Peer 1: 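The structure under discussion is supplied below as structure tokens; questions concerning it will follow.
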There are 2 protein chains.
Amino acid sequence: MKLDEMPTDQLSRTFAALADPTRRAMLARLAAGEATVGQLAEPFALTFAAISKHLAVLEAAGLVSRGRDAKYRPARLDAAPLAAASVWIGDYEQFWKDSLGALDSYLTRLQQGERS
Amino acid sequence: MKLDEMPTDQLSRTFAALADPTRRAMLARLAAGEATVGQLAEPFALTFAAISKHLAVLEAAGLVSRGRDAKYRPARLDAAPLAAASVWIGDYEQFWKDSLGALDSYLTRLQQGERS
DNA sequence: ACTACATTCAACCAATTAGTTGAATGAAAT
DNA sequence: ATTTCATTCAACTAATTGGTTGAATGTAGT
């Protein structure tokens, strides 16, 4: 399958999953290796149920898969959807690459106006 | 500013903006050049107000800026937030790059199971 | 001044989301 | 068999989202 035949809602689910800072932090944690719900919950002031729901969102996006290790259900990172998202964004690369320093000045603007 | 000091909710707004297929299509249209609300609305069975709202979301994410040309308010693509998103995703590159063909097999799996 | 047209505002609606609490399930350990 | 512990389910809530309709605003043309 070519990327542009990829079901559009799968890309939507991926971006939607990445839109939440808690979920991005969970992915960052999983980049260091498998983790249980409990371990994933530890940095947050959230219930296990909330973390469990976030995991379900990540799983529906294909970003995480779960295993079974005794009573634990360890989650592992599955990066393929990130590759797909990266390819999608890559189509726009020319729009920031040729106006050199566009990212820098964007970040500077953010920092100053502190609102888009 | 370093990317990792970028306000987290700005990245969230960017990913959230990209999570909607209508908005992604609007960005694709804008990649071909400036466009008015009317022109952006044309491919969709949506009201102008709906398109206007989508534009507001894109603008809040910093992905679009607006001008004034007679009675029109042309929108232009502003790709810097995409650069930021690309850098963020790039941190995970090793996770699909070293397992060669991960993207391909992900797409194949999508195509077969047609559900994550 | 009036009219026409592009866009936005305001109010509303249905569906989704991120969170909670409390009960249920499943596997391990005693 | 019971208990313990990790995780999930169900039901509920408040806030957000994507859409609508109809009125308001802003600019241009006659």
Side-chain angles (χ1 to χ4, degrees), chain A residues 7-30 33-76 115-116, chain B residues 7-30 33-76 115-116:
Chain A
T8 174
D9 55 318
Q10 199 59 32
L11 194 52
S12 293
R13 267 192 285 273
T14 299
F15 282 128
L18 297 180
D20 187 284
T22 301
R23 286 192 292 263
R24 287 199 304 277
M26 290 169 70
L27 290 180
R29 167 64 187 79
L30 290 174
E34 289 195 354
T36 67
V37 173
Q39 291 171 324
L40 285 167
E42 197 267 324
F44 305 103
L46 290 179
T47 60
F48 293 96
I51 298 297
S52 190
K53 280 189 180 180
H54 279 305
L55 266 179
V57 171
L58 291 169
E59 213 176 350
L63 285 160
V64 150
S65 54
R66 321 280 310 265
R68 167 68 77 179
D69 176 10
K71 35 181 172 179
Y72 307 98
R73 311 241 357 241
R76 81 180 66 61
R115 184 99 221 142
S116 184
Chain B
T8 174
D9 54 319
Q10 199 58 31
L11 194 53
S12 293
R13 270 192 284 272
T14 300
F15 281 128
L18 296 180
D20 187 283
T22 301
R23 287 193 292 262
R24 287 200 303 277
M26 290 169 71
L27 290 179
R29 167 64 187 80
L30 290 174
E34 289 195 354
T36 67
V37 173
Q39 292 172 321
L40 285 167
E42 198 266 324
F44 304 103
L46 290 180
T47 61
F48 293 95
I51 298 296
S52 190
K53 280 189 179 182
H54 278 305
L55 266 178
V57 172
L58 291 169
E59 214 175 352
L63 285 160
V64 150
S65 54
R66 319 278 313 263
R68 168 68 77 180
D69 176 10
K71 36 181 171 180
Y72 307 97
R73 312 243 356 242
R76 83 181 65 64
R115 183 102 222 137
S116 185

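Worth saying up front: this structure is predicted, and the values here are computed from it rather than measured. Proteins get letters first, then strands, A, B, ... in listed order; numbering begins at 1 in each.
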Peer 1: Give the rounded distance in Å between these two atoms: CG of A:Leu46 and P of C:dA18.
Peer 2: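 Between P of C:dA18 and CG of A:Leu46: 11 Å.
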
Peer 1: Can you figure out which of C:dA27, C:dT21, C:dG19 approaches the side chain of A:Thr47 most closely?
Peer 2: C:dT21

Peer 1: Roughly how many Å is it from CE in A:Met26 to P in C:dG19, rounded to a whole number?
Peer 2: 10 Å

Peer 1: Take the C1' atoms of the five end pairs on each side of the helix from C:dA1-D:dT30 to C:dT30-D:dA1, get both axes, and report the angle to 10 degrees.
Peer 2: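 For the helix from C:dA1-D:dT30 to C:dT30-D:dA1, the axes at either end differ by 10°.
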
Peer 1: Donor-acceptor pairs under 3.5 Å, side chain of residues 46-54 of chain B to any protein atom, not counting sequence neighbours: which ones?
Peer 2:
unit_1: B:Thr47; atom_1: OG1; unit_2: B:Ala50; atom_2: N; d: 3.2
unit_1: B:His54; atom_1: ND1; unit_2: B:Arg23; atom_2: NH1; d: 3.1

Peer 1: Please report, rounded to the nearest Å, how far the P atom of C:dT7 is from the CD atom of B:Glu34.
Peer 2: 12 Å

Peer 1: Nearest nucleotide by nearest heavy atom, which residue falls closer to the 5' end of DNA chain C, B:Gly38 or B:Lys53?
Peer 2: B:Gly38

Peer 1: Using a cut-off of less than 4.0 Å, is there contact between a side-chain N or O of A:Arg23 and OP1 or OP2 of C:dA18?
Peer 2: yes

Peer 1: A:Arg73 has an atom CZ; how far is it from atom C1' of C:dA27, in whole Å?
Peer 2: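 Computing the A:Arg73:CZ to C:dA27:C1' distance gives 12 Å.
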
Peer 1: Would you mind reading off the distance between A:Phe48 atom CZ and C:dG19 atom P, rounded to a whole angstrom?
Peer 2: 15 Å

Peer 1: When we call it a touch if two heavy atoms are under 4.0 Å apart, what does A:Ala70 touch: a base, just sugar-phosphate, or nothing?
Peer 2: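 Here A:Ala70 touches the backbone only, sparing every base.
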
Peer 1: Tell me what A:Ile51 touches on the nucleic acid: a base, only sugar-phosphate, or nothing, going by heavy atoms under 4.0 Å.
Peer 2: nothing

Peer 1: Walk along DNA chain D from 5' to 3' and tell me the first and last nucleotide with an atom closer than 4.0 Å to a non-hydrogen atom of chain B.
Peer 2: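 It runs D:dG18 to D:dA28.
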
Peer 1: Take A:Lys71 and A:Arg66, find for each the nucleotide of DNA chain D with the closest heavy atom, and name the residue whose nucleotide sits nearer the 5' end.
Peer 2: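 Counting from the 5' end, the first nearest nucleotide belongs to A:Lys71.
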
Peer 1: So do B:Lys71 and B:Thr36 actually touch side chain to side chain, heavy atoms under 4.5 Å?
Peer 2: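 They are not in side-chain contact.
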
Peer 1: Between C1' on C:dA6 and CG on B:Leu40, what's the gap in Å once rounded to a whole number?
Peer 2: 13 Å

Peer 1: Evaluate the side-chain proximity of B:Arg29 to B:Met26: yes if any heavy-atom separation is below 4.5 Å, no if none is.
Peer 2: no

Peer 1: Could you tell me the separation between the OH atom of A:Tyr72 and the C1' atom of C:dT25, rounded to a whole number of Å?
Peer 2: 17 Å

Peer 1: Taking for each residue the nucleotide of DNA chain C with the nearest heavy atom, is it B:Pro74 or A:Arg68 whose nucleotide lies nearer the 5' end?
Peer 2: B:Pro74

Peer 1: Quick one: label B:Ala75 by what it contacts on the DNA or RNA (base, sugar-phosphate, nothing), any heavy atom closer than 4.0 Å.
Peer 2: nothing

Peer 1: I'd like to check B:Leu63 versus B:Val57 (side-chain heavy atoms, cut-off strictly below 4.5 Å). Are they in contact?
Peer 2: no

Peer 1: What's the spacing between A:Leu30 CG and A:Leu55 CG if we round to 0.5 Å?
Peer 2: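 Reported value, rounded in 0.5 Å steps: 7.0 Å.
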
Peer 1: What's A:Ala16 touching, base or sugar-phosphate or nothing? Going by heavy atoms closer than 4.0 Å.
Peer 2: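 No contact at all - A:Ala16 keeps every heavy atom at 4.0 Å or more from the nucleic acid.
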
Peer 1: A:Arg24 versus B:Ser12: any side-chain heavy-atom pair under 4.5 Å?
Peer 2: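 Side-chain contact under 4.5 Å: yes.
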
Peer 1: Can you measure from CG (A:Leu58) to OG1 (A:Thr14) and round to the nearest 0.5 angstrom?
Peer 2: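 Going from the CG atom of A:Leu58 to the OG1 atom of A:Thr14 covers 10.0 Å.
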
Peer 1: Hey, does the side chain of B:Arg66 reach the backbone of B:Arg73 with a donor-acceptor pair shorter than 3.5 angstrom?
Peer 2: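 Judged by distance alone, yes, a pair lies under 3.5 Å.
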
Peer 1: Nearest-Å distance, CG (A:Asp69) to P (C:dG26)?
Peer 2: 18 Å

Peer 1: When rounded to the nearest 0.5 angstrom, what distance separates CG in B:Leu18 from CG in A:Leu18?
Peer 2: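 That separation rounds to 9.5 Å.
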
Peer 1: Which heavy atom of B:Phe44 sits nearest to which heavy atom of B:Ala25, and what is that distance?
Peer 2: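 Of all heavy-atom pairs spanning B:Phe44 and B:Ala25, the closest is CZ-CB, 3.6 Å.
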
Peer 1: Verify the contact: side-chain N or O of A:His54 to OP1 or OP2 of C:dT17, cut-off strictly under 4.0 Å; return yes or no.
Peer 2: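 Answer no for this pair, as no side-chain N or O of A:His54 is under 4.0 Å from OP1 or OP2.
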
